[in-house]
Amino acid sequence: MSLDAEFERVSLPLDDPFTIARGTQTEAENVVVRITDDAGMSGVGGAAPSAHYGETADTVTAVLPALLDAVERVGDPHAVREIEAELRQVVNGNPAARCAVSIAVHDLAAKRLGVPLYRLWGLDPSDAPKTSFTVGLDETERVREKAADAVAAGYDVLKIKLGTDRDRKLIDAVRDAAPDARLRVDANEAWTPKEAVAKSAWLADRDVEFVEQPVPAENPEGLRYVYERSELPVAADESCVTAADVPAIADRCDIANLKLMKAGGLPEARRLIAAARAHGLEVMCGCMIEANASIAAAAQLAPLLDYADLDGSLLLAEDPYAGVDLADGEIRLADQNRAGTGARLASD
């Protein structure tokens, strides 16, 4: 068997500027990988690099030729363990780049068997939790409007970005606009430990479910301080990158938040989930701002999750890829019987 691989860089404008404590984004740079076998069947995967983890579209496109050469050398999309080992040997870092290749390989392997990826893993897509819809930082009244619009569109689980001196006003505005919504907050490392504990008290009064990454990942003792004193459960995101991080956060949080783009591929994501379960943690899967070329793969994992935050494609003005229907927050595969991850060009 022979495999041919190619990739394409795509710039995806956002529907609205998206702001978190670290900055504002107006477009998402994704890189889409396609791996084709000698029968003409193709697997698709996407990279959504984050500068916070040392990656950009430039770094992804720089290392992809070497990664794809490794896949072509192995030559068998079903040899997943061998391919993953080769990818790590070629490029140990660059998790988003490796993830795009991993997704494409899994997509192709499942397509060659004629089954959806979730079926290979023995999962039931109806077990997937609802995804949250993220409301980014903005002027207080604009945040209120965004929350109201999200609820009107059917999204009843909202994730609110915080990390300003207006956090209390922002949450009050959201709660006023969405009195019955389930709320989660994400500080993106912006608080001090004492600040996080104090804010957890009034966030709990507003029926917030949990707080995500309240303090910098570089302050593990600060995370422990918050975990031991917070009135809300704590989710670790930037503190939890791969499965190897789980033992270190197990006594510092309640929820491990994985992202495919941090983990570097689907096998590592599944290892992280297993490690979190072994340590008694709940599990959430988040995402970057990314197209369905990669969101579709995360959706295949969703039945293994307690919480989902897979709304990255919803923040785009237009997604060139289809594969997941997130209307009303439900994670629905566009075609449950479609082989592979289900990702495809929307124009097909």
Side-chain angles (χ1 to χ4, degrees), residues 18-22 52 129-138 140 143 146-147 150 155-179 181-241 245-246 248-259 262 276 279-287 305-311 329:
F18 184 72
T19 301
I20 65 173
R22 286 193 292 267
H52 185 71
K130 279 191 168 186
T131 183
S132 55
F133 183 90
T134 304
V135 178
L137 288 172
D138 210 323
T140 304
V143 167
K146 288 181 179 179
Y155 298 98
D156 59 4
V157 184
L158 303 182
K159 175 176 169 178
I160 313 302
K161 294 290 189 177
L162 297 181
T164 74
D165 57 5
R166 297 179 292 116
D167 285 347
R168 189 187 295 254
K169 290 182 179 179
L170 293 175
I171 286 296
D172 286 344
V174 170
R175 186 46 88 194
D176 180 60
R182 293 165 57 192
L183 299 187
R184 303 160 184 172
V185 303
D186 184 3
N188 285 114
E189 307 181 277
W191 298 336
T192 67
K194 289 185 177 180
E195 183 182 12
V197 171
K199 290 188 175 185
S200 76
W202 53 260
L203 288 170
D205 287 341
R206 287 150 181 80
D207 294 323
V208 170
E209 286 187 317
F210 58 80
V211 57
E212 184 179 337
Q213 198 63 45
V215 300
E218 294 77 16
N219 186 2
E221 288 309 309
L223 187 63
R224 188 202 301 273
Y225 179 94
V226 178
Y227 169 68
E228 291 176 347
R229 296 165 176 81
S230 173
E231 295 192 27
L232 290 174
V234 175
D237 180 3
E238 286 87 348
S239 295
C240 181
V241 178
D245 297 317
V246 171
I249 65 164
D251 61 351
R252 293 171 169 82
C253 69
D254 305 275
I255 304 162
N257 183 18
L258 74 98
K259 289 187 175 79
K262 295 187 301 182
H279 283 84
L281 299 176
E282 292 186 299
V283 181
M284 176 166 67
C285 183
C287 62
L305 308 175
D306 299 291
Y307 311 101
D309 179 33
L310 298 177
D311 64 336

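Positions are given from 1, in the same order as the sequence printed here.
Remark: Asp172 engages Arg206 in a side chain to side chain donor-acceptor pair (under 3.5 Å) (not counting sequence neighbours). With sequence neighbours left out, the salt bridge (charged side-chain N to carboxylate O under 4.0 Å, His left out) criterion links Lys159 to Asp186, Glu212, Asp309. Every residue two or more places apart in sequence or in another chain that forms a salt bridge (charged side-chain N to carboxylate O under 4.0 Å, His left out) with Glu209 is listed here: Arg182, Arg184. By the salt bridge (charged side-chain N to carboxylate O under 4.0 Å, His left out) test, Asp245 pairs with no residue at all, sequence neighbours left out. In this view, Asp251 and Arg224 satisfy the salt bridge (charged side-chain N to carboxylate O under 4.0 Å, His left out) rule, not counting sequence neighbours. Qualifying ring-ring contact (aromatic ring centres under 6.0 Å, His included) partners for Phe210, counting only residues two or more places apart in sequence or in other chains: Tyr307.
Here the closest heavy-atom approach between residue Gly163 and residue Ala190 is recorded as CA-CB, 3.7 Å. Of all the heavy atoms in Cys253 and Val234, the pair that sits closest is CB-O, 3.4 Å. In terms of heavy-atom proximity, Gly136 sits nearest to Val143 at O-CG2, 3.8 Å. Here the closest heavy-atom approach between residue Thr140 and residue Ala173 is recorded as CG2-CB, 3.9 Å. Ser239 and Gln213 get closest at one heavy-atom pair: OG-NE2, 2.9 Å. What you find for Cys240 and Val246 is that their closest heavy atoms are SG-CG2, 4.3 Å.
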Evaluation steps, side chain to side chain contact (heavy atoms under 4.5 Å, CB included), between Leu281 and Ile255: CA-CA 5 Å; Leu281 299 176; Ile255 304 162; over 6 Å; no

Full working for salt bridge (Lys or Arg N to Asp or Glu O under 4.0 Å) between Arg252 and Glu228: CA-CA 8 Å; Arg252 293 171 169 82; Glu228 291 176 347; over 6 Å; no

Trace of the side chain to side chain contact (heavy atoms under 4.5 Å, CB included) decision for Ile171 with Leu203: CA-CA 8 Å; Ile171 286 296; Leu203 288 170; 3.7 Å; yes

Check against side chain to side chain contact (heavy atoms under 4.5 Å, CB included), Val197 and Tyr227: CA-CA 8 Å; Val197 171; Tyr227 169 68; over 6 Å; no

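Looking at Glu238 and Asn257, their side chains never bring a donor and an acceptor atom within 3.5 Å of each other. A side-chain N or O of Asp311 and one of Thr134 form a donor-acceptor pair less than 3.5 Å apart.
Here the straight-line distance linking atom CG of Asp205 with atom CG of Leu232 works out to 9.5 Å at 0.5 Å rounding. In this structure, the separation between CD1 on Ile160 and CG on Leu170 is 9.0 Å, given to the nearest 0.5 Å. Here the CD1 atom belonging to Ile249 is positioned 9.0 Å from the NE2 atom belonging to His279, to the nearest 0.5 angstrom. Atom CG of Leu183 is separated from atom CG of Leu158 by 6.0 Å, given to the nearest 0.5 angstrom.
In this structure a side-chain-to-backbone donor-acceptor pair under 3.5 Å is present from Arg229 to Tyr225. Under a 3.5 Å cut-off, the side chain of Asn219 and the backbone N or O of Pro216 do not form any donor-acceptor pair. Side chain of Arg175 to main chain of Pro179: a donor-acceptor pair is present (N/O by atom type, distance under 3.5 Å, no hydrogens or angles). In this structure, Lys161 contributes its side chain and Asp138 its backbone to no donor-acceptor pair below 3.5 Å. Side chain of Thr131 to main chain of Leu310: a donor-acceptor pair is present (N/O by atom type, distance under 3.5 Å, no hydrogens or angles).
Counting heavy atoms from C-beta on, the side chains of Leu162 and Trp191 come closer than 4.5 Å. Counting heavy atoms from C-beta outward, Lys194 and Lys199 have side chains that stay 4.5 Å or more apart.
Between Lys262 and Asp237 there is a salt bridge, since at least one side-chain N of the basic residue sits less than 4.0 Å from a carboxylate O of the acidic one.
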